[in-house]
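Written below as structure tokens is the structure these notes are about.
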Amino acid sequence: MSTFAPYRPLRQAHVLHLPVRSHWRYALRCWGDPQTATPERPLLVLGHGFMDVGASFQFLVDALQAQGDGERPIVAPDWRGFGLTQGPACDHYLFADYLGDLDALVDALSPELPIDLLGHSMGGNIVMSYAGACPTRIRRLINLEGFGLPEAKPEAAPTHLAKWLDDLKAPKTLKAYASAEAVAQRLQHTNPRLPDDRAQWLATQWAAPAEDGLWHLHADPAHRRISALPYRLDEVLAAWRRITAPTLWVEGDETPFEQWWGARYPRADFDARLAQVPQLERCTLQRAGHMLHHDQPEALAQALRQFL
């Protein structure tokens, strides 16, 4: 990794800890005070993706600040089992719990005013389902590459459950790293577009040193287990059709969708799903892949400011 000036956030955040539901203490990265939200500038909630953390949105928040949108209150929770959020030991995680956690957070942070809600990847799927279940809670909705999953066939359910039962018996681990620099290199291996300074900063948010001297990811290894519940497309689309908020879909022009899924999930199938969202705008960012909020935060901020 080359020599570089350290990355310094333009808009500083503080971490707020909130009890959520019965046993979880959620960590929220906060830029501004959620209580300052107004109907014209509501709270913007950012939901991160799988194996990520709320701090991942710092570059986007800085871009919004630089473009003159710095007064908006923004929060980015660490989903259960990720980041600094704390809770009981789990052997697996269920998708519906993220919706329950999000609902509790909205109750605590913006009980009266609808919010603007954004999710990336896994977070994009969470916010879409939540917006369909609770449409009056959302003013504007943004999905960053929350493509969903291939449709699960009912006849495959017994085999899927058998695989999940076997998966429960298999220990899960996550790789530890020798240093923050090694974590940064891992981030850049996954996303070569990530600049050195941002990779180094993000590494210190993504992982921390432990007593063994190694850097461990802020993630529960149990996330590596498959879900007990198959992806039920009819139920997902029923929620998407109930979304009443204007919705912005954003993707990168270099995201390798076909490489991920092949014939299991053709791109035409996803486009047909997305067409069922009632009030939809689409935006494609140039020179961006799946981590588009890292690759092109300035272009994404511009698109969000126009939409919001």
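By convention here, the first residue in the shown sequence is residue 1.
Between atom OH of residue Tyr93 and atom CZ of residue Arg224 there is a gap of 13.0 Å, rounded to the nearest 0.5 Å. Rounding to the nearest 0.5 Å gives a distance of 7.0 Å between OG of Ser179 and CD of Gln185. Atom CG of Asp101 sits about 12.0 Å away from atom CG of Asp78, to the nearest 0.5 Å. Note that CD of Gln188 is 10.0 Å distant from CG of Leu202, once rounded to the nearest 0.5 Å. To the nearest 0.5 Å, atoms CZ (Arg282) and CG (Leu274) are separated by 4.5 Å. Taken to the nearest 0.5 Å, the OG atom of Ser56 stands 2.5 Å off from the NE2 atom of His294.
The minimum heavy-atom distance between Gln86 and Trp24, with the atom names listed, is O-CE3, 3.3 Å. Pro77 and Leu105 get closest at one heavy-atom pair: CB-CD1, 3.9 Å. In terms of heavy-atom proximity, Arg287 sits nearest to Gln296 at O-NE2, 3.2 Å. Among all heavy-atom pairs drawn from Asp295 and Gly289, the shortest one is OD2-N, 2.8 Å. A pairwise comparison of heavy atoms in Ala263 and Pro266 identifies O-CD, 3.6 Å as the closest pair. The two residues Ala180 and Thr204 have their closest heavy-atom pair at CB-CG2, 4.4 Å.
Side chain to side chain, Gln276 and Arg241 meet the donor-acceptor criterion of an N or O pair below 3.5 Å.
Every residue two or more places apart in sequence or in another chain was checked for a side-chain hydrogen bond (donor to acceptor under 3.5 Å, both in side chains) with His48, and none qualifies. Judged as a side-chain hydrogen bond (donor to acceptor under 3.5 Å, both in side chains), and not counting sequence neighbours, the contacts of Asp107 are Arg137.
For the pairing with Leu194, the side-chain contact (heavy atoms from CB on, under 4.5 Å) check across Asp197, Asn191, Thr190 returns one residue only, Asn191.
Within 6.0 Å of atom CD in Gln259, 12 or fewer heavy atoms from other residues, nucleotides or ligands are found, so the atom counts as exposed in its surroundings. In the displayed structure, His189 atom NE2 is contacted under 6.0 Å by at most 12 heavy atoms of other residues, nucleotides or ligands.
Pairs engaging residues 193-219 under the ring pair (Phe, Tyr, Trp, His ring centres under 6.0 Å) rule: Tyr7-Trp201, Phe59-Trp201 [sequence neighbours left out]. Listed by first and then second residue, the salt bridge (charged side-chain N to carboxylate O under 4.0 Å, His left out) pairs involving residues 61-77 are Arg41-Asp69, Asp69-Arg72, Arg72-Asp116 (not counting sequence neighbours).
Taking the side chain as every heavy atom from C-beta outward, Asp52 and Met291 approach each other to under 4.5 Å. Contact of the Ser121 side chain with the Phe50 side chain is not registered, since no non-hydrogen atoms from C-beta on lie closer than 4.5 Å.
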Review item, side-chain donor-acceptor pairs of residues 159-171, under 3.5 Å, at least two apart:
| unit_1 | atom_1 | unit_2 | atom_2 | d |
| --- | --- | --- | --- | --- |
| His160 | NE2 | Ser227 | O | 2.7 |
| Asp167 | OD1 | Lys172 | NZ | 2.8 |
| Asp167 | OD2 | Ile226 | N | 2.9 |

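Under a 4.5 Å side-chain heavy-atom cut-off, the cluster of Ile, Leu, Val, Met, Phe, Trp and Tyr residues that includes Leu118 is completed by Trp31, Leu44, Leu46, Phe57, Leu60, Val61, Leu64, Ile74, Ile142, Leu144, Leu248, Val250, Leu285, Leu292, Leu300, Leu304, Phe307, Leu308.
By the criterion of side-chain heavy atoms lying less than 4.5 angstrom apart, applied directly or through intervening Ile, Leu, Val, Met, Phe, Trp or Tyr residues, Met51 is grouped together with Phe95 in one hydrophobic cluster.
Between the Thr85 side chain and the Ala27 main chain, a donor and an acceptor come within less than 3.5 Å of each other.
Aromatic ring pairs are classed by plane angle as parallel below 30°, tilted from 30° to 60° and perpendicular above 60°; the pair Trp249 and Phe147 is perpendicular. Relative orientation of the Phe257 and Tyr265 rings is perpendicular, given thresholds of 30° and 60° on the angle between their planes.
Between Tyr98 and Tyr130, the distance from one ring center to the other does not fall under 6.0 angstrom.
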Mind running side chain to side chain contact (heavy atoms under 4.5 Å, CB included) on His223 and Met122 for me, showing each step along the way? CA-CA 12 Å; His223 283 294; Met122 181 189 83; over 6 Å; no
